[in-house]
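One is the number of the first residue; the rest follow in order along the sequence. Heavy atoms only: backbone and side chains are in, while hydrogens, waters and symmetry mates are out.
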Amino acid sequence: PMTAARVTALLRLALHVMKHPAATSATVHSTRRSGAQICAKAGATQEDVETHGTWASRASEVYAPKRLYSSIPSIMSKAFK
């Protein structure tokens, strides 16, 4: 499975090959946060974001607040009326 540890390892390897100074310290935390926001905007439920993002708490609400979950469907419904 694609885990944060595997993605982090791949990111660090790519940065190492490019001789980037962040090769040993890069993380994927911001991609997890962005992923939650993108999924929420695309119409995923908060439960799905938490489950597939392996959030152990309701911390996903900080990065993907409830307002994101309802914005896209309402915009789409208005656009196709």
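- R12 and T27 make their closest contact through NH2-CG2, 4.2 Å (heavy atoms, listed as atom of the first residue, atom of the second, distance).
- In this structure, L11 is a member of the same hydrophobic cluster as M18, with clusters built from ILVMFWY side-chain heavy atoms closer than 4.5 Å.
- Under the side-chain contact (heavy atoms from CB on, under 4.5 Å) criterion, H20 pairs with L15, A22, not counting sequence neighbours.
- V17 and V28 end up in different hydrophobic clusters when Ile, Leu, Val, Met, Phe, Trp and Tyr side chains are linked at under 4.5 Å.
- Connectivity analysis of hydrophobic side chains (ILVMFWY, heavy atoms under 4.5 Å, direct or indirect) links I38 to nothing; its cluster partners are none.
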